[in-house]
Amino acid sequence: MASRFVKSPVVQSTAKRQYAAQAMAKTEHVVPKAEPLKVTTLKNGLTVASIENHGPVTSLGVMVKAGSRNETYENAGISHMLRVSAGLATTNNSAFGLTRNLQQAGTGLVCTQGREHTLYSIQTTRNNTDMAIDYLSDIVSNQVFKPWELGDTVPRLKVELANLNPSSQALELLHLAAFRTGLGNSLYCPSHKAGSHGTAQMQQFVSKHFTTGRTALVGVGVSHAALTKYAELLNLEEGAGPSNLASKFSSGEERRESGGNLAYVALAASASGVTSVKEALACMLLQRILGMGAQVKRGQCQGKMAKAAAAASASNHAVGAIGPMYSDAGMLGALVIADGSAAGKVVSAVAAALRSVSVSEAEVNAAKRNLIADVLTVQGSAASLVEDVGTQVLLAGDVVQADKIPELVNGVGVGDVQAAAKKLASSKLAMGAMGNLSTVPHVDSL
């Protein structure tokens with residue numbers, strides 16, 4: 001009787017749990033130390049960048065130096081079509097097969113774009129890294145753009161155009177006014193070009209710009225040796241590809257009257273690109289001094305521009321500084337959302353604040369802390385880190401290590417920020433405006 005009781009499942013399972021607990025108590029689990037960023041350029045020109053954090057999740061991304069900047073008049077909007085076509089059939093897999101197999105592994109493909117880059121990324125558990133990189137490389141290298149699949153994708157593209165918010169439209173109009181072509185090309189397809197991009201045109205764009213010299217394979221949570229080996233799976237044309245034409249800033253204006261109660265106005269002056277590191281950091285600090293909008297949900301806007309706007313009008317409005325930067329050019333200015341009846345006063349006050357901004361040492365120190373926190377927050381997300389590393393590698397040609405960021409930011413002095421403010425004050429403005437523009441002044445009067 002006693003022997004049968006000892007052999008019962010309840011007693012046996014309890015004993016096993018106790019033995020396991022004792023074994024765990026004697027074993028110390030050592031977490032490997034995260035490895036710093038490693039960057040290698042292969043013989044074919046492909047760049048491999050990795051950060052091994054020994055985490056359970058691996059983030060992989062293939063970034064290509066191709067975006068709306070590389071469009072021409074004939075293929076305008078093709079980068080948007082390329083973005084919504086990510087994950088369609090390849091020479092090795094059907095669209096259904098790609099989607100189903102990635103879902104079975106608990107992951108999926110994400111395609112994001114900027115004006116100068118296209119990023120294909122996947123996040124998966126570490127044990128599925130081999131599978132993920134296999135599908136990722138196939139999606140990037142072997143797209144076939146079947147005509148019927150492109151046709152099925154057009155409604156999705158039209159939905160994205162229909163859902164485009166007025167603030168984004170104002171920013172797109174600002175880029176068009178400031179740069180006209182190149183960086184002035186929109187991230188979104190013109191409505192009259194939707195559905196006009198065929199298989200041959202898509203293949204031509206990809207073969208021209210998806211080359212090894214314009215591509216970076218980035219991984220977080222994977223060893224550099226393994227990622228370098230995975231790079232062999234990317235079947236891309238070798239070479240540097242075409243060079244970008246320089247984008248020249250102009251003080252233009254683009255207005256789209258669409259009625260309604262609100263006006264959406266984006267104002268900006270010329271600023272340095274990301275390759276001029278110290279000047280770019282000075283502009284980023286100045287952007288935070290000007291005020292980047294409400295930092296708390298439903299909170300009040302902060303900064304010098306918000307104070308100027310509040311003094312000019314008691315109407316409902318929101319003001320935030322903007323600072324888009326690219327490889328060879330950038331902008332620094334403001335995005336204003338205001339009641340149409342009071343937009344003229346608010347926009348004029350914001351423009352005057354841009355022209356007369358003064359900077360103190362205390363403000364610069366506060367902006368430095370804010371900037372460091374923002375950068376480290378981005379680097380705290382593996383998905384954001386993949387894009388950040390990729391853009392630095394391809395557009396700036398170098399990557400700043402995470403532990404060097406505070407030193408780099410603190411190396412910018414008050415005089416550097418004051419110089420950026422002085423340059424902003426003397427620069428001509430470009431403007432993009434959308435909505436109720438009944439009182440919005442023209443840019444040449446600001």
Side-chain angles (χ1 to χ4, degrees), residues 61-64 66-104 106-123 135-136 138-173 175-176 184-210 254 256-260 264 383 387 432 434-435:
V62 177
M63 179 170 284
V64 184
S68 60
R69 178 176 188 166
N70 305 105
E71 295 175 358
T72 63
Y73 178 82
E74 290 74 18
N75 63 11
I78 196 169
S79 60
H80 187 187
M81 190 63 183
L82 184 67
R83 182 167 74 246
V84 299
S85 299
L88 295 184
T90 67
T91 55
N92 301 317
N93 295 280
S94 65
F96 175 80
L98 289 169
T99 303
R100 182 64 172 171
N101 285 298
L102 289 174
Q103 287 179 341
Q104 286 289 90
T107 184
L109 174 74
V110 178
C111 180
T112 55
Q113 273 186 333
R115 282 182 158 75
E116 295 183 292
H117 74 272
T118 300
L119 172 66
Y120 299 85
S121 60
I122 289 178
Q123 279 190 305
Y135 285 122
L136 181 60
D138 187 39
I139 289 168
V140 175
S141 305
N142 303 312
Q143 302 177 82
V144 293
F145 304 113
K146 295 177 179 178
W148 55 92
E149 289 188 337
L150 291 178
D152 292 340
T153 306
V154 172
R156 178 185 169 189
L157 184 145
K158 291 183 177 179
V159 167
E160 290 190 5
L161 293 178
N163 290 332
L164 191 60
N165 63 67
S167 297
S168 297
Q169 293 183 58
L171 290 172
E172 294 301 311
L173 291 173
H175 280 81
L176 178 60
N185 295 337
S186 176
L187 292 171
Y188 302 92
C189 178
S191 56
H192 68 278
K193 297 287 283 187
S196 66
H197 307 101
T199 300
Q201 199 173 42
M202 297 286 287
Q203 290 282 17
Q204 183 182 19
F205 184 84
V206 168
S207 62
K208 182 178 181 180
H209 296 97
F210 282 46
E254 291 289 339
R256 297 292 185 274
E257 177 67 59
S258 60
Y264 301 82
E387 184 170 11
M434 183 80 186

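Note: hydrogens, waters and symmetry copies are ignored here, and every other heavy atom, side chains too, is used.
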CD/E257: more than 12 non-hydrogen atoms of other groups inside 6.0 Å:
yes
When rounded to the nearest 0.5 angstrom, what is the spacing between CD in Q103 and CG in L98?
11.0 Å
Does Y188 have R83 sitting over its ring (NZ/CZ under 6.0 Å from centre, angle to axis within 45°)?
yes
To the nearest 0.5 Å, what is the distance between OG1 (T199) and CZ (F145)?
8.5 Å
Spell out, as yes or no, whether a donor-acceptor pair under 3.5 Å connects the side chain of N185 to the backbone of S68.
yes
Let me see the working for N75 and Q204 under side-chain contact (heavy atoms from CB on, under 4.5 Å), right down to the final yes or no.
CA-CA 10 Å; N75 63 11; Q204 183 182 19; over 6 Å; no
Any sub-3.5 Å donor-acceptor pair from S141's side-chain atoms to D138's backbone N or O?
no
State whether the number of non-hydrogen atoms from other residues, nucleotides or ligands found under 6.0 Å of K158 atom NZ is greater than 12.
no
Criterion side-chain hydrogen bond (donor to acceptor under 3.5 Å, both in side chains) on N101 and Y135, from CA distance to verdict:
CA-CA 9 Å; N101 285 298; Y135 285 122; 3.2 Å; yes
How long is the straight-line distance from CD of Q169 back to OG of S186, given to the nearest 0.5 Å?
9.0 Å
Within-4.5 Å side-chain heavy-atom neighbours: K208 and N70
no
With respect to C189, which candidate in E160, H197, M81 satisfies the side-chain contact (heavy atoms from CB on, under 4.5 Å) definition?
H197
Closer than 3.5 angstrom, by distance alone: can the side chain of Q113 be matched with the main-chain N or O of A66 as a donor-acceptor pair?
no
Which pair of heavy atoms, one from Y120 and one from L136, lies closest together, and at what distance?
O-CD1, 3.7 Å
Which pair of heavy atoms, one from Q201 and one from E74, lies closest together, and at what distance?
NE2-O, 3.5 Å
Where T90 and I139 come nearest, the two heavy atoms and their spacing
CG2-CA, 4.0 Å
Between OG on residue S94 and NZ on residue K146, distance to nearest 0.5 Å
7.5 Å
Hey, is the main chain of L187 close enough, under 3.5 Å, to the side chain of E172 for a donor-acceptor pair?
yes
Between E71 and S79, is a side-chain hydrogen bond (donor to acceptor under 3.5 Å, both in side chains) present by the stated rule, with each step listed?
CA-CA 7 Å; E71 295 175 358; S79 60; 2.5 Å; yes
Smallest separation among heavy atoms of F210 and Q143, with atom names
CE2-NE2, 4.1 Å
Separation between CG of L150 and CG of L88, rounded to the nearest 0.5 Å
6.5 Å
Hey, could you give me the CG/CE distance between N165 and M434, rounded to the nearest 0.5 Å?
10.0 Å
Closest non-hydrogen contact found for E254 with L176 is CD-CD2, 3.8 Å
Where is the tightest heavy-atom contact between E149 and A95, given as atom of each residue plus distance?
OE2-CB, 3.8 Å
